[in-house]
2 protein chains.
Amino acid sequence: MSLPHAILTALLEKPSSGLELTRRFDRSIGYFWSATHQQIYRELGKLEADGLIRALPSEQPARGQKKSYEVLHAGRAELARWTAASQDPKPHRDTLLLRLRAAAVVGTAGLEADLRRHLQLHERQLAEYQEIEQRDFPPGRDGTEDRLRHLVLRAGIDLETFWTQWLSRALTEFDGLPDGEPTRPA
Amino acid sequence: MSLPHAILTALLEKPSSGLELTRRFDRSIGYFWSATHQQIYRELGKLEADGLIRALPSEQPARGQKKSYEVLHAGRAELARWTAASQDPKPHRDTLLLRLRAAAVVGTAGLEADLRRHLQLHERQLAEYQEIEQRDFPPGRDGTEDRLRHLVLRAGIDLETFWTQWLSRALTEFDGLPDGEPTRPA
DNA sequence: TTTTCCATGTAAGTCGTTACATGATTGC
DNA sequence: GCAATCATGTAACGACTTACATGGAAAA
């Protein structure tokens with residue numbers, strides 16, 4: 001139940017149309033809350049029906065026509081309520097760790113190449129975050145909003161740093177391992 | 001599409017009944033792939049129908065009776081195939097980071113308490129992982145299987161370490177912040 | 001004018017969550 | 001016997017994914 005609040009946040013930062021939101025969910029907010037355009041359009045409909053947002057009156061709502069939304073007072077209140085509410089952390093789900101555990105039973109054949117690929121992807125993401133940091137958060141002048149957003153970006157940077165380090169370590173471990181099944185060969 | 005493979009891995013490590021699997025998904029494998037008993041029973045049914053696992057013939061399959069499963073040859077093959085297949089990393093979803101970004105717009109009131117609570121939870125999880133490491137992976141004698149499983153545990157430890165550090169940092173930042181809305185007061 | 005892209009949607013199916021149901025076993 | 005607990009399920013719903021559909025604008 002976080003997608004509507006992600007959208008409210010994005011719309012408060014800047015009123016947008018569905019497609020503009022979709023683009024921003026490919027970067028920025030999408031770095032820690034992804035969504036497809038189908039999800040976004042459906043949720044925009046619900047939020048409008050619930051009176052939390054409204055279409056900007058300047059544009060006519062025809063199919064194929066741009067339609068921009070802004071957050072209403074009730075929407076801002078709901079976002080503030082949700083932000084302050086206590087929430088339990090969701091349990092992790094990580095396919096790569098699962099595959100490593102499976103490899104301990106059925107063998108590591110074929111896994112190393114994908115680990116290398118993931119390492120590259122994480123290195124690329126890390127570089128992207130670091131560019132954003134240099135561009136948007138130069139040292140010295142941080143306002144209140146900036147300090148919070150910088151904190152979020154730091155989480156992204158530190159997470160990608162963790163993954164690159166962990167994957168590098170995993171790959172060096174792999175160099176000393178046999179490829180096949182470690183136990184009970186079929 | 002990872003739950004069946006998580007179950008196959010667990011069953012290869014040790015043939016089990018539905019409830020035993022459920023217990024193990026509360027620890028161990030569940031640390032990076034959670035699942036409820038409903039999911040597990042449904043998936044066991046599918047896996048059996050697909051011929052990847054079978055109920056141990058020693059036990060009679062009555063409702064309310066224990067029923068243990070073991071992995072068949074086809075199941076092991078499918079798990080090996082899946083483990084070696086190239087897979088793209090899933091996009092992140094993190095509610096806490098989203099809430100921080102929302103707080104940059106609607107204010108940080110009420111958030112700090114929950115950050116403290118999350119910090120405690122992550123500290124507790126970290127301590128649990130470190131106990132497991134000391135108990136199951138004493139320095140020196142690592143086999144091939146152990147090296148892989150240790151690697152997975154290290155990922156858990158490093159991730160929890162990251163979260164505790166990041167949350168601590170976030171809380172010190174909060175000390176210097178006003179509680180209300182940073183911009184556009186309602 | 002046909003194609004391509006932009007922009008907004010619909011529909012179907014899978015996965016996960018929450019709530020409930022049922023039979024067997026054990027302790028009182 | 002009765003209640004509590006163990007063990008295995010069913011049902012309904014919501015969230016997310018994948019594939020497809022529609023209309024308008026711009027370009028070839």
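Order of the sequence lines sets the chain letters (A, B, ...), proteins ahead of strands, with each chain counted from 1. Computed from heavy atoms alone, side chains included, the values below leave out hydrogens, waters and symmetry copies.
Every ring pair (Phe, Tyr, Trp, His ring centres under 6.0 Å) that A:Tyr129 has, sequence neighbours left out, goes to A:Tyr31. Applying the side-chain contact (heavy atoms from CB on, under 4.5 Å) rule to A:Ala155 yields the partners B:Leu97, B:Phe162, B:Trp166; only residues at least two apart in sequence or on another chain are considered. Contacts of B:Ala102 classified as side-chain contact (heavy atoms from CB on, under 4.5 Å), with partners at least two apart in sequence or in another chain: A:Thr9, A:Leu79, A:Thr83. A search for side-chain contact (heavy atoms from CB on, under 4.5 Å) contacts involving A:Lys90 returns nothing, not counting sequence neighbours. For B:Gln38, the side-chain hydrogen bond (donor to acceptor under 3.5 Å, both in side chains) partners two or more places apart in sequence, or in a different chain, are B:Thr36.
Between A:Tyr41 atom OH and C:dA7 atom P the separation is 8 Å, expressed in whole Å. The interatomic distance linking B:Asp26 (CG) with D:dC6 (P) rounds to 13 Å, in whole Å. One can place CD1 of A:Ile40 at 15 Å from P of C:dT10, the figure rounded to the nearest angstrom. Rounded to an integer number of Å, the gap from B:His37 NE2 to D:dG9 P is 12 Å. Atom CG of A:Asp88 and atom P of C:dT18 are 11 Å apart (whole Å).
Side chains of A:Arg154 and A:His150 form a contact here, defined as non-hydrogen atoms less than 4.5 Å apart.
The stretch residues 16-24 of chain B comes close to DNA chain D through B:Ser17, B:Gly18, B:Leu19, each having a heavy atom under 4.0 Å from the strand.
Screening residues 31-49 of chain B for salt bridge (Lys or Arg N to Asp or Glu O under 4.0 Å) gives no qualifying pairs among residues at least two apart or on separate chains. Within the structure, salt bridge (Lys or Arg N to Asp or Glu O under 4.0 Å) pairs that include any residue of residues 91-103 of chain B comprise A:Glu13-B:Arg101, B:Arg99-B:Asp114 (at least two apart or interchain). Residue pairs meeting the ring-ring contact (aromatic ring centres under 6.0 Å, His included) criterion with at least one partner in residues 78-120 of chain B, sequence neighbours excluded, are B:His5-B:Trp82. Within the structure, no pair that satisfies the salt bridge (Lys or Arg N to Asp or Glu O under 4.0 Å) test touches residues 121-131 of chain B, not counting sequence neighbours.
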- Message: Checking B:Arg81 against B:Glu78 for the salt bridge (Lys or Arg N to Asp or Glu O under 4.0 Å) test, could you report, in this order, the C-alpha distance in whole Å, the side-chain angles of both residues, the deciding distance, and whether it holds?
- Response: CA-CA 5 Å; B:Arg81 185 205 62 74; B:Glu78 165 56 23; 2.8 Å; yes
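Each end of the helix from C:dT1-D:dA28 to C:dC28-D:dG1 gets its own rotation axis from five pairs of C1' atoms, and the angle between them is 10° to the nearest 10 degrees.
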- Classify every nucleotide of nucleotides 11-17 of chain D by which part a protein heavy atom approaches to under 4.0 Å, writing B for the base, S for the sugar-phosphate alone and - for neither, in 5'-to-3' order. ----SBB
